[in-house]
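Before any comments, here is the structure.
Each residue takes its place number in the sequence, starting with 1.
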Amino acid sequence: MADESGLKWDRCLADTAVKTVTGLGVGMAFSFLVFKRHTWPASLGAGLGFGMAYSNCQHDRRLPHLLHGHMVKDQQ
């Protein structure tokens, strides 16, 4: 159980780092090319990347607690 939890945290941290840095890079590229070197596109990109990673981590941490049900049709 501890190994599984450690693996989930490792995946979450790696995913957070990749998505945040990628969002920051894309935001910086747009900042330099389109928005005349304003800082808000880079901040927005980093925030979006972090938010996506946070959502993925939340889903990954709750995965064992999800209940999968089956829909049963009424037999009449």
Interatomic distance, CD@Gln58 vs SG@Cys12, rounded to 0.5 Å, equals 10.0 Å
Common cluster, Leu33/Met28, ILVMFWY with side-chain heavy-atom separation under 4.5 Å: no
Kindly give the heavy-atom pair with the smallest separation between Val18 and Thr22, and that separation in Å. O-OG1, 2.7 Å
CE/Met52: more than 12 non-hydrogen atoms of other groups inside 6.0 Å: yes
Under 3.5 Å donor-acceptor, Ser31 side chain and His38 backbone: yes
To check you understand the geometry: which heavy-atom pair defines the closest contact between Asp60 and Arg11, and what is its length? OD2-NH2, 3.2 Å
Check against side chain to side chain contact (heavy atoms under 4.5 Å, CB included), Lys19 and Asn56: CA-CA 11 Å; Lys19 284 187 171 42; Asn56 288 345; 3.4 Å; yes
Donor-acceptor pair, Ser43 side chain versus Thr39 backbone, under 3.5 Å? yes
Give, for atom SG of Cys57 and atom CZ of Phe50, the distance between the pair rounded to the nearest 0.5 Å. 8.5 Å
Can you tell me how far CG of Leu24 sits from CG of Leu44, rounded to the nearest 0.5 angstrom? 11.0 Å
Pairwise distance OG1(Thr16) to OH(Tyr54) - rounded to 0.5 angstrom: 10.5 Å
